[in-house]
**Q** 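The structure's right below; bear with me while I get my questions together.
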Amino acid sequence: MASINISHLNPRIVILIGIPGLEHVQFWIGFPFFAVCLVALWGNIILLIIIPTERSLHQPMYIFLAVLAATDIGLCAAIAPKMLAIFWFRSYSMAFNTCLAQLFFIHALQCMESGILLAMAFDRYIAICDPLRHTSILTPSVLGRMIVIVAIRATVMVGLLPILIKRLHLFHSTVIAHSYCEHMAVVKLAAEDIQVNKTCGLFVGFTILGFDMIFILISYILIFQAVFHLRQKEARLKAFNTCTAHIFVFLEFYILAFFSFFSHRFGHVVPSTHILLSTIYLLVPPALNPIVYGIKNKVIRKRVTQIFLLNHGSQQ
């Protein structure tokens, strides 16, 4: 689809074209993304069933994991339906206000996920570096406040982005070269000065993702220092084993996040590559999180096995 070189005043409709240059294979690209979404939804729903009902999992780490699962379900729900409608049914049009709503939910849920990963790193730091005070520091009321702060921070900071876009009235195009309403992809459509929007986007990105990443790194540096001071080899291995799942999730989330963030602003990445990777960044972590944490935890593995056995037994 080619955009007409005219100006649009307060557009009501935008056009999402999906993946530029790959329109002829988008139908087939939709199937692996659909499979990833199914894994993400199924895995995270199972976590939300198991964690509240299993008393042994009523610990800070797994409470945060349940919140992460709910966030991941929201992220899939925000991006997948419209993206698959574009790929499979060529449903390109979208109301401008709906586009801004999608933009808000996608970026707010990303920021919530980052905040939860920081909270999980803090939990691991207390559990390993100060285990005797773990339960007295991370009380249920403290956990609740941390989750509320993470949600409020994401809502307020990301809420600035659509508000600043709404102040723009003149757009040189209504065609968004993306599979979802990403902040910079929408901002670049404007025919007015967008410096404030760019600055705010950078500010939100660095304030949330940058802040969280720095403090997660500090947490793990302190954790590794404490682990290396343990005398027994078994104790060191056990301490490392409790952190491996979180380290894996942390690395895949932030590496993909910052690649997507910087390539859209400063890079010269081929648009199709950038859009594919940014979509993978949004959908793959929600699918991997329940698998990684589920494999590492015996209780979750056992309950998942029981669920599948019950389903299999009821079908016979």
Side-chain angles (χ1 to χ4, degrees), residues 1-27 29-30 33 75 77-111 154-205 260-279 281-282:
M1 285 187 178
S3 60
I4 302 172
N5 190 24
I6 60 172
S7 295
H8 302 265
L9 182 65
N10 296 323
R12 294 184 179 182
I13 301 291
V14 292
I15 305 297
L16 289 158
I17 64 172
I19 306 173
L22 296 178
E23 291 92 344
H24 60 292
V25 292
Q26 282 185 161
F27 180 84
I29 292 173
F33 281 139
L75 200 53
I79 185 175
K82 183 59 183 178
M83 180 187 69
L84 294 174
I86 293 168
F87 291 169
W88 289 346
F89 308 113
R90 299 185 179 182
S91 176
Y92 300 114
S93 63
M94 191 178 199
F96 186 69
N97 288 334
T98 305
C99 178
L100 294 184
Q102 187 193 48
L103 181 156
F104 168 77
F105 282 111
I106 288 174
H107 292 305
L109 290 166
Q110 284 177 293
C111 292
T155 302
V156 172
M157 297 290 284
V158 176
L160 294 172
L161 303 181
I163 289 172
L164 289 174
I165 291 174
K166 284 294 285 183
R167 74 182 179 86
L168 302 171
H169 301 288
L170 197 62
F171 291 77
H172 61 74
S173 174
T174 58
V175 178
I176 302 174
H178 217 300
S179 57
Y180 62 91
C181 290
E182 196 268 345
H183 176 244
M184 282 306 299
V186 177
V187 166
K188 286 180 178 179
L189 299 180
E192 303 176 37
D193 183 12
I194 58 172
Q195 190 58 46
V196 173
N197 300 78
K198 287 183 175 180
T199 303
C200 185
L202 285 169
F203 174 75
V204 171
S260 176
F261 184 80
F262 285 113
S263 65
H264 214 310
R265 287 162 175 80
F266 310 113
H268 299 283
V269 182
V270 177
S272 59
T273 303
H274 165 75
I275 292 166
L276 278 171
L277 287 175
S278 64
T279 308
Y281 153 60
L282 287 177

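Residues take their numbers from the sequence shown, with the count starting at 1.
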**Q** Do you know the tightest heavy-atom contact between C99 and I176?
**A**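 Closest heavy-atom pair between C99 and I176: SG-CD1, 3.9 Å.
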**Q** Testing the basics here: between F96 and P11, what is the closest heavy-atom pair and its distance to 0.1 Å?
**A**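 Closest approach of F96 to P11: CB-O, 3.4 Å.
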**Q** Taking everything shown except F27 itself, do over 12 heavy atoms lie less than 6.0 Å from its CZ?
**A**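 Yes, because the 6.0 Å sphere around CZ of F27 holds more than 12 heavy atoms from other groups.
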**Q** Working to the nearest 0.5 Å, report the span between CD1 of I79 and CZ of F105.
**A**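 Going from the CD1 atom of I79 to the CZ atom of F105 covers 14.5 Å.
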**Q** With a 3.5 Å distance limit and no angle check, can you tell me whether H183 reaches the backbone of G201 through a side-chain donor-acceptor pair?
**A**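 A pair under 3.5 Å: no.
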**Q** Between the side chains of S91 and K82, does any donor sit under 3.5 Å from an acceptor?
**A**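 S91 vs K82: donor-acceptor pair found between side chains.
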**Q** Determine yes or no for a side-chain-to-main-chain donor-acceptor pair under 3.5 angstrom, with E23 supplying the side chain and I17 the backbone.
**A**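 Looks like no, no N/O pair under 3.5 Å.
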**Q** Working note: C181 + M94, criterion side-chain contact (heavy atoms from CB on, under 4.5 Å); need CA distance, chi angles, decisive distance, verdict.
**A** CA-CA 10 Å; C181 290; M94 191 178 199; 3.9 Å; yes
**Q** Any idea which heavy atoms bring F87 and G18 closest together, and the distance?
**A**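 Minimum heavy-atom separation between F87 and G18: CE2-CA, 4.2 Å.
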**Q** Would you say the side chain of I165 lies within less than 4.5 Å of the side chain of L103, judging by non-hydrogen atoms?
**A**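 In short, these two side chains touch, coming nearer than 4.5 Å.
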**Q** Indicate the atoms forming the closest heavy-atom contact of S272 with L22, along with that distance.
**A**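 Minimum heavy-atom contact is CB-CD1, 3.9 Å.
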**Q** As a quick check of understanding, evaluate side-chain contact (heavy atoms from CB on, under 4.5 Å) for I19 and T279, giving each step before the final call.
**A** CA-CA 10 Å; I19 306 173; T279 308; 6.0 Å; no
**Q** To the nearest 0.5 Å, what is the distance between NE2 (H169) and OG (S7)?
**A**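 H169 NE2 to S7 OG: 14.0 Å, rounded to 0.5 Å.
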**Q** Check each of V186, V196, I194 against L168 using the side-chain contact (heavy atoms from CB on, under 4.5 Å) test, and report the only one that passes.
**A**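 Checked V186, V196, I194 against L168; only one passes side-chain contact (heavy atoms from CB on, under 4.5 Å): I194.
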**Q** If I take atom OH from residue Y281 and atom CG from residue L75, how far apart are they, to the nearest 0.5 angstrom?
**A**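 Result: 8.0 Å between the selected atoms.
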**Q** L282 and Y180: side-chain contact (heavy atoms from CB on, under 4.5 Å), yes or no, with the steps?
**A** CA-CA 11 Å; L282 287 177; Y180 62 91; 3.3 Å; yes
**Q** Which heavy atom of I275 sits nearest to which heavy atom of A177, and what is that distance?
**A**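 Here I275 and A177 meet closest at CD1-O, 3.0 Å.
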**Q** Drop me the distance from I15's CD1 to L189's CG, to the nearest 0.5 angstrom.
**A**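 If we round to the nearest 0.5 Å, I15:CD1 and L189:CG are 11.0 Å apart.
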**Q** Give me the atom names and distance for the closest heavy-atom approach of A185 to H178.
**A**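 Closest pair (atom of A185, atom of H178, distance): CB-CD2, 4.0 Å.
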**Q** List the steps and the verdict of side-chain contact (heavy atoms from CB on, under 4.5 Å) for T155 and F104.
**A** CA-CA 8 Å; T155 302; F104 168 77; 4.0 Å; yes
**Q** Quick one: does any side-chain atom of H107 pair with a main-chain N or O of A154 as donor and acceptor, under 3.5 Å?
**A**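 No, the answer is negative, given that no donor and acceptor are paired below the 3.5 Å cut-off.
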**Q** Could you measure the distance from the CD1 atom of I163 to the CG atom of L100? Nearest 0.5 Å is fine.
**A**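 Taking CD1 in I163 and CG in L100, the distance rounds to 10.5 Å.
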**Q** Could you grab the distance from atom CD of E182 to atom CG of L161, nearest 0.5 Å is fine?
**A**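 One gets 10.0 Å once the value is rounded to the nearest 0.5 Å.
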**Q** Could you point out which residue of K166, Q102, R12 forms a side chain to side chain donor-acceptor pair (under 3.5 Å) with N97?
**A**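 When K166, Q102, R12 are each tested with N97, the side chain to side chain donor-acceptor pair (under 3.5 Å) holds only for K166.
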